[in-house]
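Contents: one structure, followed by commentary.
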There are 2 protein chains.
Amino acid sequence: MSLPHALLGLLAAAPATGYELAREFESDLGRYAWQAGHASIYPELAKLAARDLVRVVDQGPRGSKTYDITEQGRAELRSWLLHRSGDGVVRNEGVLRMFLIPTLDPDDQRSVLTAIAEETAAAEAELRERLKGGTDPRCSPRAELGLLAGRFGLGQYRATHEWATRALEELDARVADSRRPN
Amino acid sequence: MSLPHALLGLLAAAPATGYELAREFESDLGRYAWQAGHASIYPELAKLAARDLVRVVDQGPRGSKTYDITEQGRAELRSWLLHRSGDGVVRNEGVLRMFLIPTLDPDDQRSVLTAIAEETAAAEAELRERLKGGTDPRCSPRAELGLLAGRFGLGQYRATHEWATRALEELDARVADSRRPN
DNA sequence: CTCTGACATGTCAACCCTGACATGTGGAGC
DNA sequence: GCTCCACATGTCAGGGTTGACATGTCAGAG
């Protein structure tokens, strides 16, 4: 249950409508930190507003409401960020897959590991390109969030790629080993 | 909703009771792949049994039931592992915190980043020790799951540590920068 | 002027997960 | 023999999440 804190964090960087927040979750944030759809975001914003952690600061054309974080909201966010217990909710389908790879036979293992190696290489390259491409054309106030997070993603992709590559090498070595000595 | 596949994967490595599976989720698996408590495991095992993906192969003393995966279960697991769409559920409170660090003022940022750097270094060392300590005293059939997964964890910890260290350096540089030139 | 698509918000049933409650057994130590 | 603890399974209410349904507006292309 970290959705309220995710929203507080995004609003701490810049005011936004629920719609804009929902789109934020579709990019890097949702890719490796926390997912949320508009169906959970709108009700959560209402709840946060009721607790005075956020506030509607503007009402635009299409019934849009722009939210901003309040002082109390900032205090809540800060306390959540500082009192990290080290653990928390972890749920990652991709990592689970990696855990279970050894249950496959060698050919299938190779196929999955190869796919992972390729995907992480591509993802890393794509992300690196995106980060290099300046701090966004529109120089958003969330650029710094994106920069730090992006570099984190880069490191994760690289580590995963190296892991998969090494696993592939060992797999090949083991197969070669079991074929030869008879 | 990958719990059924997590269970199929564990059972593919070796038959086990629900209780043993629940403990499996308390270690590395639950730490960085997928969490589950016995309250969701027991009902899920019943559902899997109803779909003939697992089967009760033994009933022990304290009303314990040992489950094993069936041929259909193996097929389902394999298809899930091979047809990776690249994405899936991602929910990680720790990573979310990292995303939101830039919303803090420099002093708080330093404190959080330092904590992360220390924790990841400690976690890496502890994990490395555990992996080195032989392939388990009891040479479990799940040892290989643990080895590959453990090395993955090692890489992630290291990458995160390096990321935090670099962020700290830049933070210091920026603070020094803004203090001097006036 | 019409149509399309992005903008924008909302609800609801179904499903999943968590924490608390509930129950009972077998072995080891005193 | 008793007591404690790990073993072992289960249910259930409350809360979070998802996907589908529902509605409506504004701007730009044709």
Side-chain angles (χ1 to χ4, degrees), chain A residues 1-8 10-11 15-27 29-31 33-51 54-68 80 85 87-93 96 138, chain B residues 1-8 10-11 15-27 29-31 33-51 54 56-68 85 87-93 96 138:
Chain A
M1 212 270 289
S2 313
L3 175 58
H5 296 108
L7 294 175
L8 287 174
L10 290 173
L11 291 177
T17 66
Y19 187 83
E20 289 166 335
L21 293 171
R23 272 194 317 185
E24 209 71 40
F25 280 95
E26 281 166 20
S27 67
L29 180 64
R31 181 137 45 248
W34 203 269
Q35 292 175 334
H38 79 272
S40 55
I41 291 171
Y42 289 123
E44 189 61 50
L45 282 171
K47 272 194 248 175
L48 289 171
R51 291 169 59 201
V54 304
R55 190 175 29 134
V56 176
V57 289
D58 191 26
Q59 309 224 12
R62 270 150 288 198
S64 78
K65 288 180 272 186
T66 301
Y67 288 88
D68 196 3
W80 181 74
S85 52
D87 46 273
V89 179
V90 171
R91 198 146 270 172
N92 192 315
E93 214 173 307
L96 177 59
R138 51 189 167 112
Chain B
M1 213 270 289
S2 313
L3 176 58
H5 296 108
L7 294 174
L8 287 175
L10 290 174
L11 291 177
T17 65
Y19 187 81
E20 288 166 336
L21 292 170
R23 272 195 316 185
E24 209 71 41
F25 280 95
E26 280 166 21
S27 66
L29 179 63
R31 180 135 48 246
W34 203 268
Q35 293 174 335
H38 78 272
S40 55
I41 291 170
Y42 288 124
E44 188 61 51
L45 282 171
K47 272 195 248 173
L48 289 171
R51 292 169 58 202
V54 304
V56 176
V57 289
D58 191 25
Q59 309 224 12
R62 269 149 290 198
S64 78
K65 288 179 272 185
T66 301
Y67 288 88
D68 196 2
S85 53
D87 47 273
V89 178
V90 171
R91 198 146 270 171
N92 192 316
E93 214 173 307
L96 177 59
R138 58 201 160 102

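Reminder, nothing fancy here: chain letters follow the sequence lines and each chain counts from 1.
- In the set dC17(C), dT9(D), dT17(D), dC17(C) carries the atom at the smallest distance from any side-chain atom of Trp34(B).
- Comparing dT17(D), dA20(D), dT9(D) by their nearest atom to the side chain of Ala39(A) picks out dA20(D).
- The residue Ser64(B) sits close only to the backbone: its heavy atoms come under 4.0 Å of sugar-phosphate atoms, none of a base.
- The side chain of Lys65(B) sits closest to dG10(D) out of dG16(D), dG10(D), dG10(C).
- Residues Trp34(B) and Ser2(B) meet the side-chain proximity criterion, which asks for heavy atoms closer than 4.5 Å.
- Between Arg62(A) and Gln35(A), the one whose closest nucleotide on DNA chain D sits nearer the 5' end is Gln35(A).
- To the nearest angstrom, P of dT25(C) lies 17 Å from OH of Tyr19(B).
- Taking all atoms of both residues into account, the shortest heavy-atom contact from Leu45(A) to Val54(A) is O-CG2, 3.9 Å.
- How far CZ of Arg91(A) is from CG of Asn92(B): 11.5 Å, rounded to the nearest 0.5 Å.
- The side chain of Pro61(B) lies closest to dG26(C) when the candidates are dC12(C), dG26(C), dT18(C).
- Going from atom CG of Asp58(A) over to atom C1' of dC7(C) covers 15 Å, rounded to whole Å.
- Comparing atom distances between the Arg23(B) side chain and each of dG10(D), dC7(D), dA8(C) picks out dC7(D) as nearest.
- The side chain of His38(B) has dA20(C) as its nearest neighbour among dG10(C), dG16(D), dA20(C).
- Nearest-nucleotide positions on DNA chain D for Tyr67(B) and Arg91(B) put Tyr67(B) closer to the 5' end.
- Here Lys47(B) does not reach the OP1 or OP2 of dC15(C): none of its side-chain N or O atoms lies under 4.0 Å away.
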